[in-house]
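Take a look at the structure below.
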Amino acid sequence: MSQTQVNSICPFCGVGCGMGLVVNDGCINAVKPLSKHPISQGKLCAKGWNTPFGISKHNRITQPLMKKEGVFEVIGWQEALTYIAQNLQKCIRESGSQSVGVISSARATNEDNYAAQKFARAVLKTNNIDHCARICHSPSVVGLKQTLGSGAMTNSIDDVAKADVILIIGADSTENHAIIGGHIMQAKLRGAKLIVVDPRQTRLAQIADLHLQLNIGSNIALLNGLLNIIFQHNWQNDDFLARRCEGTDALKKHVADYPLDKVAELTGIEGQKLVEAAKLYSQANAAFLAYGIGITQFISGTNNVIAVSNLALVCGQIGREGTGVNPLRGQNNVQGACDMGSLPNVYPDYQSAADKKVREKFSHAWNTTVAQAPGLTSLGMSNQARNGKFRGLIICGEDPIVTDPDRNKVEASMRAMDLLVVVELFMTETAKMADIVLPAASFAEKDGTFTNCERRVQLIHKAIEPPGEAKADWQILSEIAKKMGLGGLMNWQTSEQIFDEMAQLTSSFSGMTYSLLAKKNGIQWPCNAEHPKGSRWLHTTTFPIGKGKLIPVDHVPTNEQPDAYYPFWFTTTRLHYHYGCGSMTRQSPLLERETPNGLLYIHPQDALDLGLKNHQAVTVSSRRGYLETRIVLSNELVPGLLSMPYHFKEAPSNMLTNDAMDPTTEMPELKVCAVNIVPLPKNQSPCPSSISTDIEDWVIQ
Amino acid sequence: MLNDIYLLKDLSILNAHLAQHYSVVRLAKDTDGEVTWTEQAGATSAPLFGHANLPLTSPKAFFFPEQESLYKFDGKTFETIHPKVKPIVLFGVQACDLTAIAYQDQFFKHDPYYQTRRDSVLLVGIDCEAPCKNGFCAEVNAGPHVNSATADLILSRLKIDDRTNTSEWLIVASSEKGVDSLRDLTLEKADEGHFKLRTKLGDQVRSQFADFSYISNAIEYLNDKSIPAQLWEELSVRCLSCSGCTNLCPTCSCYSTFEVIEAEPISNTLEFETVRCWDSCLFESFQREASDHNPSHKAAQRVERFWFHKFSDEYLPEFERHGCVGCGRCEQTCPGTIGVHSVMKRIDEVCCN
């Protein structure tokens, strides 16, 4: 029993807690919190504590698999790579580079993501590269870029401890970012005022000084209403507005159109509460504003983000300790995947792919000609596949069948493609659809970096060997490049070489090296000649775009509203115990046991009106699909609003969700649609909607 | 006992002696500053002291691992999977953690897996020389000095010579195993005076502890059941069911089992392995029954039960002490700030009014 500990970073949410991996005989059977880690300080959430199950060797994909006549067969790496290379080349030859693409992973390292976008742009010659930020914070990246010049948390997690007022909008942070949720609870205990804006009575709402339980989808009405109150009472920060912002008069005039009674009507919140919230936030010495996907996942997602930014700018609650506009990012490295340019419109460090100079810079640096045409988003690729124009896709570590809106459409898109390659740890629903499945190394089996939501780039360390023949994403993509005759473009031996290449081609990361990151418990970007030690706070003296932009935005109704056929509002949530598509957390017998007996949450009054009992089996349907599950009575909801967590393939909420999009970012309106529920006949159990159960026994040796 | 007390200036002599028969596991600080139990054969430095270096994780997992295979079934027969052990010495365990090991010895008295691992370990305790950050061992009779019933050998520093940077150590062999472990090692005998000096030093450390009377008060309130239900509701909103407190608590011992099914390609059969893993009574599903009935359905009930298990007199007949050893780790690891200090303070505040 020889035991060692390798310190690394938790692979779940965007908080980026320190985690010691305890290695025994080449296995990780335990993890430990790290007491000296600057954010987590000896804490982990339930997901973090259960990490060993999520990467355990049981049920892992360990060899390349090829689907032959509907069944997967084990094949050798060379056969798999040759097949992939030839078929990608065939698609490109016949239909052009626009017919192929890559979906990278917000769970993979910065190095994997840098490699993925380089593979797309330099090897496949396409900007068709995207990842799941599309469906979580793409409106933050675009919205805040417009108003502030940078789309990440402006402040640090630690700032929660320095704030007098904490305003949380559309984020269930004790469940999804538990350690930040804990920081907020601690701040409340020491006397900070807590305001929670959420249509559900979340845990933080229960302890808040003010819970603004708004009608779902009325964020802009609420935020404009608060701004109008602030201007009317002269609570704005005139000095900050004069020095640092532009567009004040236009905004003031615009929000005058949101008087108290109108806003109370649209949001369902009594006027007095709105005034109280406006006063608390605007008059605080330091107010920390954080938001989640309850802001972004709407057809008005980008405008919602702009409205949030307007509020912070008008009150001057930005650019100082304890303040800021802080999007809470969902995945361990979704910040990094964006930073690395796993997005169709930007290269690493948000250098615009539409800018000829940027393309020339990367063509020169990579010694090739990079993709010229604009790229498709993940939903764009999906739509083009159904038109027969998009034919070949490599997906690294994502499960769009479970996580993307309108599952029937996603499934049809994948079936329409000529080549689907999935690089995965486990046989996910999406992997089941693939022609080739390649075994991926988990975070504990490779070196690299993750960037958490406060822009902190942190090293992860290889603690054990990958099982079987699994490899890191960047290694796999390099091998495919080699088979396509372009191996010279991705000829790296270590993840550090990739990081160094990336750092040379960016500004925000130019001051970072692995050895510096090791010394400092990570560094927050930008880290360059101007900010050699990194940046705890952004925008302290100026914005990257000069002055902060106040942009008037208007309330728009959600794409779908309840009607006679679909009489209930429906929203999607996350549970503390599970993460994303559940591929890792559901390997834990403890977390799996925590899964509730039913997945459809309903207010007791609605259940009573419909004559339903707790845990009764029902069907839920929307205009796009239907599923079966059981109901759970919950006082967190208001009558008329139903909710479902999205982690479960048996009852995937995305059977129901709406893919109507935000026009700017193609963010689908995952947070709201209209549904109907009908009880199942007595004694009938819910039927799971998992994909193709006939390939559950997936491997023939 | 006075027959088995010795003096030693250089602990590396003892370390080297024990290394002949045991793998030596000691506290060490890694490059990130984390203190962990680490195998270190040739260590020559003095052990890290608990009061400055109490590791966030106790040695619990040496005896009761986070995951452990119990037995397997190949479709025909069951086969016990015996733990693979080698003799190790845990060199420099703090009093609180030793008290916890003694507590778990009781709980796992008839557990062959635990006992096999436990038998292979020699426990060398070390007296703490000051209170630690969150610790209140003195308040719950678990330290700061090592209780001789809980260790095989006890190390206590009697004197430090600043000029030569050397110390004089009292070594107490407090069990038969401890006496055996010193065989063939020539040591200077200590006398009653040295032993009295140790007691005096212990009293001095004890007097340095802050006023933790809120803990003693809260223990009383917990036992006379005078805590209003509303208080448990208030506290339990802050319980995220992360399981951190039960994982880090050195006396928590709840476990669950699960099945790992592996295909055996040669014989084309399945092999079932039953594994036990740490569980947590703060999980909603911990006590949920197959019928879906749950005796601790509400978070408030679960939080109340956890503290009841740590401080109820009802466990005294079985364990001869309360379940809390005063290490304070739950205070550091709880994201919701309902570790022992926060909870006991709140109980004292609410109940004394």
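Throughout, protein chains are lettered first and strands after them, A, B, ... in sequence-line order, and every chain is numbered starting at 1. Because only heavy atoms are used, hydrogens play no part in the values below, and waters and symmetry mates are left out as well, while side chains stay in.
The aromatic ring centroids of B:F258 and A:F53 lie less than 6.0 Å from each other. Separation of the A:F648 and A:H578 ring centroids falls under the 6.0 Å cut-off. Less than 6.0 angstrom separates the ring centroid of B:F108 from the ring centroid of B:F64. In summary, the aromatic rings of A:Y579 and A:F12 are positioned with their centroids under 6.0 Å apart.
Under a cut-off of 6.0 angstrom, the local environment of NE2 in A:H615 is crowded, with over 12 non-hydrogen atoms contributed by other residues, nucleotides or ligands. The local environment of NZ in A:K57 is crowded, with over 12 non-hydrogen atoms from other residues, nucleotides or ligands closer than 6.0 Å.
A pairwise comparison of heavy atoms in B:R302 and B:F283 identifies CD-O, 3.6 Å as the closest pair.
Both the backbone and the side chain of B:L240 come within contact range of chain A, judged by heavy atoms closer than 4.5 Å. When heavy atoms are compared at a cutoff of 4.5 Å, B:C239 approaches chain A solely by way of its backbone atoms N, CA, C and O. Contacts of B:V237 with chain A are made by both backbone and side-chain atoms, with heavy-atom separations under 4.5 Å. With a 4.5 angstrom heavy-atom cutoff, A:S56 does not touch chain B via any of its atoms. Contact of A:N29 with chain B is made through backbone and side chain together, with heavy-atom distances under 4.5 Å. For A:E594, the parts sitting under 4.5 Å from any heavy atom of chain B are the backbone and the side chain alike. The contact between A:Q186 and chain B is made by backbone and side chain atoms together, counting heavy-atom distances below 4.5 Å. Proximity to chain A (any heavy atom under 4.5 Å) is shown, for B:D32, by both the backbone and the side chain. Only the side chain of B:C277 comes within less than 4.5 Å of a heavy atom of chain A; its backbone N, CA, C and O stay farther away. Heavy-atom distances place both the backbone and the side chain of B:S241 under 4.5 Å from chain A. Within the 4.5 angstrom heavy-atom criterion, atoms from both the backbone and the side chain of A:P33 approach chain B. Contact of A:L44 with chain B is made through the backbone alone, with heavy-atom distances under 4.5 Å. Residue B:S120: no heavy atom, backbone or side chain, is found under 4.5 Å from chain A.
When each of A:G42, A:A518, A:P52 is scored by its heavy-atom pairs under 4.5 Å with chain B, the top score falls to A:G42. When each of A:I207, A:N50, A:L189 is scored by its heavy-atom pairs under 4.5 Å with chain B, the top score falls to A:L189. For the set A:G18, A:S40, A:A30, the count of heavy-atom pairs under 4.5 angstrom toward chain B peaks at A:A30.
B:S243 and B:S280 form no side-chain donor-acceptor contact under 3.5 Å, judged by distance and modelled atom types alone. Between the side chains of A:H58 and B:E262, at least one donor N or O lies within less than 3.5 Å of an accepting N or O. Using modelled atom types and a 3.5 Å distance limit, the side chains of B:N134 and B:Q332 yield no donor-acceptor pair.
Contacts between residues 173-182 of chain A and chain B, defined by a heavy-atom separation under 4.5 Å, are made by A:T174, A:A178, A:I179, A:G182. By a heavy-atom distance cut of under 4.5 Å, B:G336, B:T337 are the residues of residues 336-349 of chain B near chain A, going up by number.
The closest donor-acceptor contact from the side chain of A:N24 to the backbone of A:C27 lies at 3.5 Å or more, if one exists at all. Panel note: side chain B:R288, backbone A:R593; a donor-acceptor pair is recorded below 3.5 Å. With hydrogens and angles ignored, the 3.5 Å screen pairs a side-chain donor or acceptor of B:S291 with a backbone N or O of B:H293. The backbone N or O of B:V93 lies less than 3.5 Å from no partner atom in the side chain of B:D97, so there is not a single donor-acceptor pair. B:Q67 contributes no side-chain N or O that, together with a main-chain N or O of B:V275, makes up a donor-acceptor pair within less than 3.5 Å.
Considering only heavy atoms from C-beta on, A:N521 comes within 4.5 Å of A:H37 through its side chain.
At least one test fails for B:K298 against the ring of B:W232: distance under 6.0 Å to the centre or angle within 45° of the axis.
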